[in-house]
Amino acid sequence: MLQFELLKTDPTSHARRGKLTLNHGVVQTPIFMPVGTYGTVKGVMPRSLEEMGAQIILGNTFHLWMRPGLDIMKTFGGLHGFEKWNKPILTDSGGFQVWSLGAMRKITEEGVHFQSPVNGDKLFMSPEVSMQIQTVLNSDIVMQLDECTPYETNGKKTTEAEARKSMEMSRRWAKRSKDEFERLENPNALFGIVQGGMYTNLRQESLEALVEMDFPGYAVGGVSVGEPKDEMLEIMAHTPHLLPANKPRYLMGVGTPEDLVQGVADGVDMFDCVMPTRNARNGTVFTRYGDLKLRNARHKTDHQPLDTTCTCHACAGKSGVSWDDGGRDGFSRAYLHHLDRCGEMLGPMLTTIHNLHYYLNLMQEIRDALEAGAFAEFRAKFKADRVRGV
Ligand SMILES: O=c1[nH]cnc2cc3nc(NCc4cccs4)[nH]c3cc12
Ligand SMILES: [Zn+2]
């Protein structure tokens, strides 16, 4: 089941405030979805995710199918019971991950033949198989199996003819995904995925065909795959706002804080990206006034927190035992620089909490600005703050 209610639109852009009701709960949009590929958002307890305001997280069909496998997942009634997360979950189809496997795969109209990266078994993923797996996972939002058209083919930019061929197969797989989803009587929501490479005419054809099939929500795929930023921005400006206004729009794999604000302005409701979690693990921290690299020696003696405006557990001292040194109770940049230099596990735990909180708080500030009819002013201040310097 899925209901999407449009609460407010912004007169200065395609931005909108919405409310998404799914089987495991309500999601206020625009929203950022933390990525939990193997059934965990790396290094973060579900309770912490809830406390920082996560409303919906991502799981990954391919990885969970490989390990622990469907037999075990079934004994937990699906992914919620297994990873102890009681709010909505969105699962990607698994196709993107099979593509990322590179050589060990053969793509046919029927589906993808590949070798398990876990034990070398010969496996087969099709729209039908992907729907069967996601039905066992019981995710609230299921993604069709598609082919993420690569930005380059044989070392050159994918041609329009190649992008068309790929888009048309994804369109046929959208129909097969929908038929199987309905045959399985899956009670959740299936999203179609718009493809078409960097060709807006193909994007138009793809979205029209998917809208004709009438999905409860739509994703824009085939971006954030190594294309130049200006080409990604062109697709963002073209496609999302042409999708039905009364259905949620999901931009897959995007992006930086700036991409999220621009994506909202382009009419996107849902985002996912590995950046806040992946960058945290290599010591890159997002703050209101710009990004910082913890490894940099300039942080060695710095008593201030990562972000003086941040209320996360790392910056506002909810993880440290308060110590009356006159400053705030948050962990200092000097301490986090030390943990990074020593390779201590508490380092990535704290930077992940901070980065996820930064992304989730950014979306909360966007929702508040949309409700106040002040999104244009928010964008201007966001942009100015982010270049202020940390
Ligand atoms: O067309 C797509 N179809 C289904 N899943 C996707 C996931 C995607 N994730 C990214 N980018 C983020 C990345 C994550 C890891 C490497 S790139 N782009 C993506 C495109 C697709
Ligand atoms: Zn923080």
Side-chain angles (χ1 to χ4, degrees), residues 25 27-37 40-58 83 85-90 254-261 263-264 270-294 299 302 304-322 327-333 335-337 339-340 344-370 378 381-382 385-386 388 390:
V27 176
Q28 302 295 337
T29 64
I31 183 70
F32 175 75
M33 305 182 284
V35 177
T37 298
T40 159
V41 176
K42 296 186 186 323
V44 187
M45 306 274 186
R47 181 78 68 193
S48 304
L49 283 173
E50 187 177 47
E51 283 170 5
M52 62 176 81
Q55 300 176 69
I56 175 172
I57 62 173
L58 251 69
E83 68 175 318
W85 174 254
N86 63 5
K87 292 180 165 50
I89 296 175
L90 180 149
V254 174
T256 65
E258 284 71 16
D259 294 338
L260 265 59
V261 174
V264 169
M270 302 161 70
F271 301 87
D272 88 274
C273 188
V274 291
M275 254 190 175
T277 40
R278 187 176 287 178
N279 286 18
R281 294 194 297 278
N282 64 42
T284 300
V285 170
F286 294 98
T287 85
R288 186 178 299 277
Y289 302 121
D291 301 348
L292 67 85
K293 291 209 175 305
L294 271 177
H299 305 303
D302 193 338
Q304 62 176 335
L306 294 173
D307 181 330
T308 51
T309 71
C310 183
T311 59
C312 88
H313 282 199
C315 297
K318 299 192 191 95
S319 300
V321 179
S322 70
R328 282 162 36 113
D329 282 337
F331 293 102
S332 65
R333 291 180 182 187
Y335 179 65
L336 287 159
H337 170 81
L339 295 180
D340 182 76
E344 279 293 333
M345 64 190 286
L346 182 60
M349 286 167 68
L350 293 171
T351 52
T352 300
I353 282 175
H354 169 79
N355 277 358
L356 279 177
H357 181 277
Y358 172 80
Y359 266 64
L360 291 164
N361 181 65
L362 172 61
M363 301 314 283
Q364 180 64 63
E365 290 184 0
I366 288 174
R367 292 194 296 270
D368 294 345
L370 286 169
F378 170 84
K381 184 170 186 324
F382 166 81
D385 281 350
R386 282 279 288 167
R388 214 182 78 166
V390 288

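Hydrogens, waters and symmetry mates play no part in the numbers below; they use all other heavy atoms, side chains included.
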Task: Separation of Leu360 CG from Cys312 SG (nearest 0.5 Å) - done: 11.0 Å

Task: Evaluation steps, side chain to side chain contact (heavy atoms under 4.5 Å, CB included), between Leu362 and Phe32 - done: CA-CA 9 Å; Leu362 172 61; Phe32 175 75; over 6 Å; no

Open item on the list: Quick check: do Met270 and Leu90 have side-chain heavy atoms less than 4.5 Å from each other?
Closed with: yes

Task: Side chain proximity check, Ile57 to Glu83, heavy atoms < 4.5 angstrom - done: yes

Task: Under 3.5 Å donor-acceptor, Asp259 side chain and Thr256 backbone - done: yes

Task: Nearest heavy atoms of Pro46 and Trp85, plus distance in Å - done: O-CZ3, 3.6 Å

Task: Heavy-atom donor-acceptor pair, His313 side chain to Met52 backbone, under 3.5 Å - done: no

TODO: Test side chain to side chain contact (heavy atoms under 4.5 Å, CB included) on Met33 and Leu58 and set out the steps.
DONE: CA-CA 6 Å; Met33 305 182 284; Leu58 251 69; 3.6 Å; yes

- [ ] Could you pull out the closest heavy-atom pair between Ile31 and Arg367, with the gap in Å?
- [x] CD1-NH1, 4.0 Å

- [ ] Report yes if the side chains of Ser319 and Phe331 come closer than 4.5 Å at any heavy-atom pair, otherwise no.
- [x] yes

Task: Heavy-atom pair of closest approach, residues Cys273 and Val35 - done: O-CG2, 3.6 Å

Task: From Met45 atom CE to Thr40 atom OG1, the distance as rounded to the nearest 0.5 Å - done: 9.5 Å

Task: Considering all heavy atoms, the nearest Tyr359-Pro257 contact - done: OH-CD, 3.4 Å

- [ ] Report yes if the side chains of Phe271 and Val264 come closer than 4.5 Å at any heavy-atom pair, otherwise no.
- [x] yes

Open item on the list: For the CD atom of Glu344 and the CG atom of Leu336, what is their distance to the nearest 0.5 Å?
Closed with: 12.0 Å

Task: CG on Leu370 to CD on Gln28, rounded to 0.5 Å - done: 12.0 Å

- [ ] First locate atom CD1 of Ile366, then atom CG of Asn361, and finally report the distance between them rounded to the nearest 0.5 Å.
- [x] 10.0 Å

Open item on the list: Under the criterion side chain to side chain contact (heavy atoms under 4.5 Å, CB included), I'd like the reasoning laid out for Leu294 against Thr351: C-alpha separation, chi angles, the key distance, then a yes or no.
Closed with: CA-CA 9 Å; Leu294 271 177; Thr351 52; 3.5 Å; yes

- [ ] Give, for atom CG of Leu356 and atom CE of Met275, the distance between the pair rounded to the nearest 0.5 Å.
- [x] 13.5 Å

Open item on the list: Between Asn355 (side chain only) and Phe286 (backbone N and O only), is there a donor and an acceptor less than 3.5 Å apart?
Closed with: yes

TODO: Indicate the atoms forming the closest heavy-atom contact of Pro34 with Ile56, along with that distance.
DONE: CD-O, 3.4 Å

Task: CA sep, side-chain torsions, deciding dist, call: His354, Thr287, side chain to side chain donor-acceptor pair (under 3.5 Å) - done: CA-CA 9 Å; His354 169 79; Thr287 85; over 6 Å; no

Task: Leu292 to Leu306 - nearest heavy-atom pair and separation - done: CD2-O, 4.1 Å

Open item on the list: With salt bridge (Lys or Arg N to Asp or Glu O under 4.0 Å) as the rule and sequence neighbours excluded, what pairs involving residues 278-291 come up?
Closed with: Arg288-Glu365, Asp291-Arg386

- [ ] Could you verify whether a donor N or O on one side chain and an acceptor N or O on the other, from Ser332 and His337, lie under 3.5 Å apart?
- [x] no

- [ ] Would you indicate whether the side-chain heavy atoms of Thr352 and Lys42 approach each other to under 4.5 Å?
- [x] no

TODO: Would you sort out whether Phe378 and Asp368 count as a side chain to side chain contact (heavy atoms under 4.5 Å, CB included), showing the intermediate values?
DONE: CA-CA 10 Å; Phe378 170 84; Asp368 294 345; over 6 Å; no

